[in-house]
Amino acid sequence: MYNMEEKDLKISIAHLYPKLLNLYGDMGNIITLKKRCEWRGIKVEIEEIGVGDNIKEHDLYFIGGGQDKQQVDVAEELYKNKDFLQDERDKGAVFLGICGGYQLFGHYYQPFDADKLNGISLMDAYTVAGKKRFIGNVTVETDFLSPKTLVGFENHSGLTYLQGDTKPLGKIVVGNGNNGTDKSEGARYKNVFGTYLHGSLLPKNPHFADYLIELALEKRYGEKIALSKLDDSIEYMTHTSLTGKAY
Ligand code: GLN
């Protein structure tokens, strides 16, 4: 077992294109990861990646959601870094993509009335724009978190379909999720996670935030490192108040 104190640990995070993809406060996910590390004395380096920037090696990569228009600019940038980001995935780096960012983790996103956007194929999935916009609260049941639930809200017209070894993040309990028909929400392949849950997601799902931080620490230090417990009473009060809540 690792014999370093949490105060000796560090993780580096790349925040991908926050000036373009940061819909509905998705930046709250970065703030949550940062604070939950700092509250434990773990150092966090956060690098904002803008259009034209080189993407360097990090332990965790985060990308938020956005309108179709912003996705066009980001898709082009991400595609330039596709090989590097796939290598990072294969080295165990952690990725979290929300909605529009999640859609670009797949092979492509076909907007309603625009050219198909190439994704970076971090996961075996694709997205096509639907006629209906899914807006509302979402509750998901996972098989890898405790508590099992994730809560948030969705606002997307994209319909995402998973293939091959890419599995859902969980099963829809309330809401529409990936496509409103197969009861799946989000996706996971290796340490790449995508979800339609805005909110932002991590402040009211602290167990998922810590799960991602532990994966990022394992990638950096090559060993499983269990995080110390925090007082998450307020976070779980919020989580419980939203669990099962419809519109
Ligand atoms: N433009 C995409 C859609 O409508 C993603 C939206 C978002 O990120 N909330 O499906």
Side-chain angles (χ1 to χ4, degrees), residues 16 21 23-24 26 28-30 32-33 36 60-65 85 89 92-107 109 119-128 130 134-156 158-216 218-219 235-236 238-240 242-245:
L16 301 176
L21 292 186
L23 213 48
Y24 314 118
D26 287 336
N29 294 299
I30 289 281
T32 303
L33 291 167
R36 294 189 71 80
L60 189 151
Y61 297 85
F62 174 77
I63 187 166
L85 291 170
R89 170 202 61 196
V94 181
F95 290 78
L96 176 62
I98 310 289
C99 201
Y102 163 38
Q103 294 169 338
L104 297 176
F105 280 177
H107 303 310
Y109 169 48
I120 52 175
S121 302
L122 291 183
M123 36 177 56
D124 189 358
Y126 65 92
T127 301
V128 291
F134 293 147
I135 302 175
N137 288 302
V138 180
T139 298
V140 182
E141 187 179 294
T142 73
D143 62 7
F144 67 99
L145 292 173
S146 174
K148 288 175 174 285
T149 44
L150 285 170
V151 294
F153 82 83
E154 62 186 334
N155 182 335
H156 60 102
L159 307 174
T160 297
Y161 298 93
L162 311 182
Q163 303 173 139
D165 294 335
T166 296
K167 300 301 172 209
L169 200 51
K171 195 163 56 63
I172 279 287
V173 175
V174 172
N176 296 281
N178 281 328
N179 50 52
T181 48
D182 66 10
K183 286 285 180 203
S184 71
E185 159 47 25
R188 177 181 190 175
Y189 175 64
K190 297 188 175 178
N191 286 342
V192 180
F193 298 84
T195 177
Y196 275 108
L197 297 190
H198 290 286
S200 40
L201 171 71
L202 296 180
K204 45 181 164 291
N205 297 285
H207 50 318
F208 189 37
D210 285 354
Y211 185 85
L212 297 174
I213 294 167
E214 287 184 346
L215 285 176
E218 185 177 353
K219 189 263 176 185
E235 289 83 349
Y236 283 119
T238 314
H239 181 94
T240 309
L242 284 168
T243 301
K245 183 174 160 59

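Just so you know, these numbers come straight off a predicted model, no measurement behind them. All residue numbers in this chain count up from 1 along the given sequence. Hydrogens, waters and symmetry mates are skipped; everything else that's a heavy atom, side chains included, is used.
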More than 12 non-hydrogen atoms from neighbouring residues, nucleotides or ligands closer than 6.0 Å to NZ on Lys171, yes or no? no
Interatomic distance, CG@Leu150 vs OG1@Thr243, rounded to 0.5 Å, equals 9.5 Å
NZ of Lys148 to NE2 of His207: how many Å apart, nearest 0.5 Å? 11.0 Å
Gly180 backbone acceptor or donor facing Lys183 side chain under 3.5 Å: no
Can you check whether Tyr189 reaches Asp165 side chain to side chain, under 4.5 Å on heavy atoms? yes
I need the minimum non-hydrogen distance between Ala187 and Leu162, along with the two atoms involved. CB-CD2, 3.7 Å
Least distance between heavy atoms, Arg188 atom then Leu215 atom: NH2-CD1, 3.9 Å
So does Asn205 get a backbone contact from the side chain of His239, meaning a donor-acceptor N/O pair under 3.5 Å? no
Nearest 0.5 Å please: distance from the OH atom of Tyr196 over to the CG atom of Leu169. 13.0 Å
Let me confirm one number: the CD1-CD1 distance from Ile120 to Ile63, rounded to the nearest 0.5 Å. 7.0 Å
Would you indicate whether the side-chain heavy atoms of Leu202 and Leu33 approach each other to under 4.5 Å? yes
Name all residues meeting the side-chain hydrogen bond (donor to acceptor under 3.5 Å, both in side chains) criterion together with Asn178; count only those two or more places apart in sequence or in a different chain, and write none if there are none. Tyr102, Ser184
Hey, could you give me the CG/CG distance between Leu212 and Asn29, rounded to the nearest 0.5 Å? 9.0 Å
Are any of the side-chain heavy atoms of Ile98 and Thr195 separated by less than 4.5 Å? yes
Quick one, Phe62 and Val94 - any side-chain contact, counting heavy atoms below 4.5 Å? no
With a 4.5 Å heavy-atom cut-off, do Glu154 and Glu185 have their side chains touching? no
Is the positively charged end of Arg89 above the ring of Phe105, judged by distance under 6.0 angstrom from the centroid and angle within 45° of the axis? no
Considering only heavy atoms from C-beta outward, does the side chain of Phe153 approach that of Phe134 to under 4.5 Å? no
Where do Glu235 and Pro206 come nearest, in terms of heavy atoms and distance? CB-CG, 3.6 Å
Considering all heavy atoms, the nearest Gly130-Leu159 contact: CA-CD1, 3.7 Å
Polar side chain donor-acceptor pair, Gln103 to Thr160, under 3.5 angstrom: no
Heavy-atom closest pair, residues Leu122 and Val192: CB-CG1, 4.1 Å
Find the distance between CG (Leu197) and CG (Asn155) and round it off to the nearest 0.5 Å. 12.5 Å
Does any non-hydrogen side-chain atom of Val128 lie less than 4.5 Å from one of Tyr161? yes
Closest heavy-atom contact between His156 and Cys99? CB-SG, 3.7 Å
Are any of the side-chain heavy atoms of Thr139 and Leu242 separated by less than 4.5 Å? no
List for me each residue that meets side-chain hydrogen bond (donor to acceptor under 3.5 Å, both in side chains) alongside Gln163, sequence neighbours excluded, and say none if there are none. Asp124
Between Tyr61 and Phe95, what is the ring plane arrangement, given parallel below 30°, perpendicular above 60°, and tilted in between? parallel
Residues in side-chain hydrogen bond (donor to acceptor under 3.5 Å, both in side chains) with Thr240, at least two apart? none
Test log, rule side chain to side chain contact (heavy atoms under 4.5 Å, CB included), inputs Val138 and Ile172: CA-CA 8 Å; Val138 180; Ile172 279 287; 3.6 Å; yes
